[in-house]
Amino acid sequence: MRIIIIGNGAAGNQAAQTIQNRDPEAEITILGAESIPFYSACALPDYLAGWIKRDQLFLKSSLNRHRVEIRLGQAVEDIKPDRQAVTAGGELLFYDRLIIASGSRPVLPNIPGIGMPGNFVIKSVHDIDRILAHNPRRIVVIGSGNIGIEAAETLEYQGCKVSIIEMMPRIMPRLFDEFPAMLIRKILENHGIEIHTGEKAQEVIGNNRVEGLITDCREISCDAVIWAAGVRQNTELARAAGIEIGSLGGIKVDSQMKTSHPEIYACGDCVETSDLLTGKPALCLLWSCAKAQAEVAARNCLGEKIAYPGALKLVAEDAYGKPCMAAGLLEEELNKKELKIIEQETENTYHRILIENERIMGIQAVGSMEAMGPLLYLMKKMVAPSEIKRIINSPVLLKNMPWMLTIDKYLQ
Amino acid sequence: MTQKRLYHNASLCNGCGICQLVCTLEHCRQWNHYQSRIKIVNDTERNAFYSVCCSHCEEAPCIMACLMNTIYKEPGSDITVRDLYHCIGCRACELACPFDAAVFDVIQEKVVNCDLCGGRPLCVEYCPNHALTYDYPEDQADKNRNQAASQKFGASLLEVFKFSGKEV
Ligand SMILES: Cc1cc2nc3c(=O)[nH]c(=O)nc-3n(C[C@H](O)[C@H](O)[C@H](O)COP(=O)(O)OP(=O)(O)OC[C@H]3O[C@@H](n4cnc5c(N)ncnc54)[C@H](O)[C@@H]3O)c2cc1C
Ligand code: SF4
Ligand code: SF4
């Protein structure tokens, strides 16, 4: 079987690895637009801060290079589903199965000054190399998702003066509810990061080089702007080939990660799957989702019938040594009438568990992640809190699942 | 190939915590409890002690979750091991572990799990109460008891903790 994989990221590599493990005879070709080997984008902030060396970004791979051809610096220009072929570098390559893992890219708003040197995004190793070469001292970060926060923290650590501009009324608006977001905001502000919420960037000013940023409330002088306010799925290829695109802008796939074409699968940041908890269409821009989806796509490619259960939003963040995590849905996304919120606060920690109709729908923690792993697992498996209580109260069951003991205090 | 595993007999354990101390001494040259790869938890209500430790899951969720693809199964065995060089300490694997068995090592700022000391677990050697044993899973009467317990009390939940399907 000849399998072509578009994209040399987390999803592309996991798909190749799974296929190789299950069918060593399969001929795999990975086509990657970037001319550098497989690396983890998640470690880019650590590289920016100087916590890790450049070579630590590049990940080990146990792909058999006799069977797996990796073509770097070769972007696919065209998919021709009717001929079961793709074009790359002017060459026509035929496939039995195609896996699209083309990922996503940051979006830049169309505002004056956006083209000037000093405007950056954080997506690839080259972006970080460029930021380091620019050597900025005064920075504005636009957007306070986890990438924006990580960028701000690492640059502050490097000695820069950092401001964050967030359009919504609180930071990390899609991850945390108001109170935990406020706690994280305080931690960041205590370390000298300036945060302005409810503000919109309107113009980048400067003389051939970024010198400042104008929002609807103020002007901030700076020598670099980092745009971390949203990403878009790379779906152009698929769209041009007539593959169906979902309502949220990702490539539409079924639970087997198959697109609207029977020989074409898709996985990773570029797809639109369903949310694990609600079953509604969802985009999941996460490393672990990319890997899990790639595995499902690869196995189905080889003729197995495996279903992807759905994506769960989940992030772990470090706010100056304080571990924070958020998973699942927010208060505003849940039904107020059925909602029960369990909050627990100590001097250094805060935990918030959202329960709707006897189901754990959201977990948010600041300062400690103790017991959150098992709780998250129970949330994924939709185990009712009453069932958890039953285990804790039964000596025999508890003995087999002692980690339940630590969960208990967060469900009181 | 199935490897020997660590077993904890709660009825023999008095919570002395020696296992945790030898574990940290061996792995981080420190004499403390909180970085130990084996955790002894206290059920204060029944005055019992249980252990929490990596069970080297068959389809390990931590491997799937790792942002640096640095956790893997030791070739030729089924032990979950880590190449700490690439670990960035993001704690994604810690969150992915359903058993709370991945431990954040505050000195290295990386996440670790029980490595069975390369085949000679020190905690087993030093446990003064012989509560810890290192044995093949098949040889364990414990296993039967677990099964009996699950049938009687909570088949559904024990089922959840067995890894059949894929992880998210
Ligand atoms: C700074 C940063 C921090 C992050 N932190 C976290 C985190 O803490 N936790 C987490 O879970 N996730 C995190 N993520 C998200 C995570 O990195 C992504 O979800 C993951 O990389 C998705 O993998 P992918 O393979 O789907 O896509 P990508 O990594 O985007 O890879 C797609 C690849 O396809 C290539 N490609 C695109 N078009 C073509 C074409 N036409 N032909 C050939 N090749 C093509 C691209 O060049 C790219 O190499 C972070 C991302 C960034 C940028
Ligand atoms: S660390 Fe946790 S998830 Fe990973 S193998 Fe051990 S018990 Fe399983
Ligand atoms: S803490 Fe280390 S081992 Fe765990 S997921 Fe992050 S990089 Fe991987």
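Computed from a prediction, not measured in an experiment: that's the story for all the values here. So you know, we letter chains A, B, ... as the sequences are listed, proteins then strands, and number each from 1.
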From [X] atom [atom1] to [Y] atom [atom2], the distance as rounded to the nearest 0.5 Å:
X	Y	atom1	atom2	value
B:Cys13	B:Tyr50	SG	OH	10.5 Å
A:Met404	A:Asn393	CE	CG	11.0 Å
A:Ile52	A:Asp46	CD1	CG	5.0 Å
A:Ile388	A:Leu378	CD1	CG	4.5 Å

Please classify the contact of [X] with chain A as side chain, backbone, both or neither, using a heavy-atom distance under 4.5 Å.
X	value
B:Ile63	backbone
B:Asn42	backbone
B:Ser51	backbone

Can you tell me if [X] uses its side chain to pair, donor with acceptor, with the backbone of [Y] under 3.5 Å?
X	Y	value
B:Ser77	B:Ile79	yes
B:Thr24	B:Asn32	yes
B:Asn113	B:Ala102	no
B:Lys73	B:Asp78	yes
A:Asp254	A:Met257	yes

Student check: side-chain heavy atoms of B:Asp105 and B:Val111 closer than 4.5 Å: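 Sidechains of B:Val111 and B:Asp105: no contact.
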Interface moiety of [X] toward chain B, non-hydrogen atoms closer than 4.5 Å:
X	answer
A:Phe58	backbone
A:Glu317	neither
A:Thr406	side chain
A:Asp55	both
A:Phe38	side chain
A:Leu375	neither

Can you check whether anything in residues 87-96 of chain B gets within less than 4.5 Å of chain A, heavy-atom wise, and list it by number?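 Residues B:Ile88, B:Cys90, B:Arg91, B:Glu94, B:Leu95 are the ones that qualify, each having a heavy atom under 4.5 Å from chain A.
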Chain B contacts, top residue of A:Lys60, A:Met372, A:Met369, A:Lys53 (heavy-atom pairs, under 4.5 Å):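 Of the candidates given, the most pairs with chain B belong to A:Met369.
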Is atom CD of B:Glu109 surrounded by more than 12 heavy atoms (other residues, nucleotides or ligands) closer than 6.0 Å?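 Open.
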